[in-house]
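Reviewing the structure listed below.
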Amino acid sequence: MFALSDCNNFYCSCERIFQPSLNGKPVIVLSNNDGCAIARSEEAKALGIAMGAPAFMIRDIIEKNNVQVFSSNYVLYGDISRRVTEVYRKYAKEIEVYSIDESFLYLFDYPGMNYDSYATEIRNTVKQWIGMPVCIGVASSKTLAKAANKYAKKMTGSKGVFVIDSEEKRKSVLEFLKVGDVWGIGSRYAKWLIGHNITDAWQLSRSNEEWIRQKMGVVGVRLVKELNGISCIDLEEVAPTKKVICTSRSFGTLITQKQELAEAISTFATRCGEKLRKEKICTSAITVFIYSNVFRVKDTQYHGSVTIPFNRPTNYTGDLISYALKGLNAIYKPGINYHKAGIMCLDMVPENAIQETFFAETQRDSDKGRKVTQVLDQINVLMGSDKVRFAAAGYSKQWRLKNEKLSPCYTTNISQIPVVHL
DNA sequence: TCTGGGGTCCTAGGACCC
DNA sequence: TCTGGGGTCCTAGGACCC
């Protein structure tokens with residue numbers, strides 16, 4: 001049996017662990033730049049704050065109801081996520097970390113196993129050890145486990161656990177689940193299915209396979225089989241190496257000057273380098289892009305992007321910055337209010353399987369680069385991000401993210417932990 | 001005034017190989 | 001009247017996930 005364990009309102013719950021007085025109160029967490037509400041406590045949802053609602057459009061609701069607002073703190077959430085995952089490992093043969101707040105568990109099975117009490121124990125342990133509330137769905141396929149999880153969240157009150165271990169239970173879960181809420185059915189397919197009078201997951205599970213194949217391909221066929229309890233999607237215990245790595249940001253303020261863009265681009269190249277080295281891969285080409293703000297309809301709109309192939313794959317920050325700045329040169333247009341930029345790394349190869357070029361000196365250069373970044377990474381892990389960096393990344397950072405409501409990194413930065421007077 | 005940031009998979013069609 | 005059989009690679013577009 002598969003279990004899907006999902007943290008409740010994860011980012012909000014992370015903030016509440018360290019401020020328990022916020023329990024029972026409306027809490028929201030905003031996206032980067034304090035733009036949109038991307039996590040809402042139950043109380044905030046009840047006030048009508050929608051997922052993705054722009055902060056400036058819900059200001060009234062926030063002020064009237066004293067909603068507690070946080071900027072997103074991914075360092076904190078990432079660390080809490082890691083701790084929750086550690087608890088799961090005690091309870092499962094294999095686990096797949098599916099996202100920052102969700103994991104699939106392939107459960108142990110004993111003769112006479114009681115999945116309901118087992119899942120309840122996992123839930124209680126995560127709550128007691130980490131302080132994180134989770135809900136758990138258990139079933140014979142991943143798609144059904146996702147469905148059971150949604151049912152557990154809405155229909156079981158404070159129990160928070162549901163096991164599909166009979167046809168009656170499968171039917172009641174699928175009848176409860178709207179077709180658009182099925183894992184793998186997005187807005188486009190939902191619209192089409194509803195147009196053909198398939199409105200819930202039960203009806204979808206009973207639909208004709210060939211008809212589904214024509215419109216939705218093999219993905220759709222797999223999905224229907226999964227709803228019928230036939231497992232077609234395996235657990236992915238080890239995450240496959242990434243095919244694309246992207247670092248992009250909107251700016252806290254609009255940028256027009258090339259020099260400022262260059263600093264931002266260099267900073268993104270630095271982040272990409274860190275990500276590549278962590279995955280032990282190199283990239284053979286990058287795409288650099290700079291965008292104006294589509295919401296400012298009176299501004300001249302511009303989407304510039306260019307892809308630059310390399311002679312030799314690299315994950316050395318110095319290389320990435322110099323290629324990225326060449327890219328910027330090619331696409332920069334003056335007189336535009338730039339709002340967002342980014343770098344995408346493509347065509348990955350493993351770090352230890354690089355095809356060398358014909359010219360031997362690049363080998364020597366790359367050894368030097370590798371040693372430099374090793375030291376750089378070590379210092380920055382120990383002393384804090386960006387303590388030592390390339391000058392191209394600049395110092396002013398006018399464009400940096402707006403995050404006015406940032407909480408401390410309670411679990412990863414000792415010096416930020418506030419003193420509590422009892 | 002103010003609107004996020006990452007990813008993946010599948011398919012069809014064109015171009016090419018022997 | 002009749003025109004083989006078996007492949008790969010690449011790209012763009014469309015769908016999806018958190």
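Order of the sequence lines fixes the chain letters, A, B, ..., with proteins taken first and strands second; residue numbering starts at 1 for each chain.
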- [ ] Just call it for A:Asp34: base, sugar-phosphate, or nothing, with non-hydrogen atoms closer than 4.0 Å on any strand.
- [x] nothing

Open item on the list: With no hydrogens and no angle check, just 3.5 Å: does a side-chain donor-acceptor pair link A:Lys402 and A:Asn32?
Closed with: no

Open item on the list: Quick check: A:Phe176 with A:Phe162 (ring centres under 6.0 Å apart)?
Closed with: no

Open item on the list: Could you work out, with side-chain contact (heavy atoms from CB on, under 4.5 Å) as the rule, every residue matching A:Glu236, not counting sequence neighbours?
Closed with: A:Glu96, A:Pro240

TODO: Determine, step by step, whether A:Tyr115 and A:Phe108 satisfy the ring-ring contact (aromatic ring centres under 6.0 Å, His included) criterion, reporting the C-alpha distance in whole Å, the side-chain angles of both residues, the deciding distance to 0.1 Å, and the verdict.
DONE: CA-CA 10 Å; A:Tyr115 289 107; A:Phe108 296 112; over 10 Å; no

Open item on the list: Contact list please: residues 237-265 of chain A against DNA chain B, heavy atoms, distance less than 4.0 Å, in numerical order.
Closed with: A:Lys242, A:Lys243, A:Val244, A:Ile245, A:Cys246, A:Thr247, A:Ser248, A:Arg249, A:Ser250

Open item on the list: Applying a 4.0 Å non-hydrogen cut-off, can you work out what A:Arg271 is touching in the nucleic acid: base, sugar-phosphate, or nothing?
Closed with: nothing

Open item on the list: Within the 4.0 Å heavy-atom criterion, would you say A:Leu30 contacts the bases, only the backbone, or no part of the nucleic acid?
Closed with: nothing

Task: Partners meeting side-chain contact (heavy atoms from CB on, under 4.5 Å) with A:Thr199 (sequence neighbours left out) - done: A:Ile194, A:Gln203

Open item on the list: Please list all pairs meeting side-chain hydrogen bond (donor to acceptor under 3.5 Å, both in side chains) that have one or both residues in residues 237-257 of chain A, counting only residues at least two apart or in different chains.
Closed with: A:Thr247-A:Lys275

TODO: Provide the full list of side-chain hydrogen bond (donor to acceptor under 3.5 Å, both in side chains) pairs with a residue in residues 286-298 of chain A, sequence neighbours left out, each pair given once.
DONE: A:Thr287-A:Thr307, A:Ser292-A:Gln301, A:Arg296-A:Asp299

Open item on the list: Taking ring-ring contact (aromatic ring centres under 6.0 Å, His included) as the cut-off, I'd like each qualifying pair that reaches into residues 333-352 of chain A, sequence neighbours left out, listed once.
Closed with: A:Tyr332-A:Tyr338

Task: Strand-adjacent residues in residues 285-299 of chain A, judged by heavy atoms under 4.0 Å from DNA chain B - done: A:Asn293, A:Phe295, A:Arg296

TODO: Using the heavy-atom set of chain A and a strict 4.0 Å cut-off, write down the first and last nucleotide of DNA chain C that makes it in, 5' to 3'.
DONE: C:dA15 to C:dC18

TODO: Decide if the gap between the ring center of A:Phe104 and the ring center of A:Phe2 is smaller than 6.0 angstrom.
DONE: no

- [ ] Any ring-ring contact (aromatic ring centres under 6.0 Å, His included) involving residues 19-45 of chain A? Give me the pairs, sequence neighbours left out, ordered by first then second residue.
- [x] none

Task: Given DNA chain B, 5'-ward residue of the pair A:Lys275 and A:Val218, judged by closest heavy atom - done: A:Lys275

Task: Along DNA chain B (nearest heavy atom to each residue), the more 5'-positioned of A:Ile38 and A:Gly217 - done: A:Ile38

TODO: Would you classify A:Lys402 as touching base, sugar-phosphate or nothing, given that sugar-phosphate means primed atoms plus P, OP1 and OP2, and contacts are heavy atoms under 4.0 Å?
DONE: nothing

TODO: Go through DNA chain B and write down every stem, that is, every run of at least three consecutive Watson-Crick or G-U wobble pairs with distances under 3.5 Å, as range with range.
DONE: B:5-18 with C:5-18

Less than 3.5 Å apart, which donor and acceptor atoms pair up between the side chains of residues 21-28 of chain A and the rest of the protein, not counting sequence neighbours?
residue	atom	partner	partner atom	Å
A:Asn23	ND2	A:Pro20	O	3.0
A:Lys25	NZ	A:Ser21	O	3.3

TODO: Identify whether any heavy atom of A:Val182 sits under 4.0 Å from a base atom; if not, whether one sits that close to sugar-phosphate; answer base, sugar-phosphate or nothing.
DONE: sugar-phosphate

Open item on the list: One thing to verify: whether A:Glu43 and A:Arg16 come together as a salt bridge, which I'm taking to mean a side-chain N less than 4.0 angstrom from a carboxylate O.
Closed with: yes

Open item on the list: Per the ring-ring contact (aromatic ring centres under 6.0 Å, His included) rule, what does the pair list look like for residues 20-54 of chain A, sequence neighbours excluded?
Closed with: none

Open item on the list: Any base atoms under 4.0 Å from A:Lys215, or only sugar-phosphate, or nothing? Heavy atoms, all strands.
Closed with: nothing

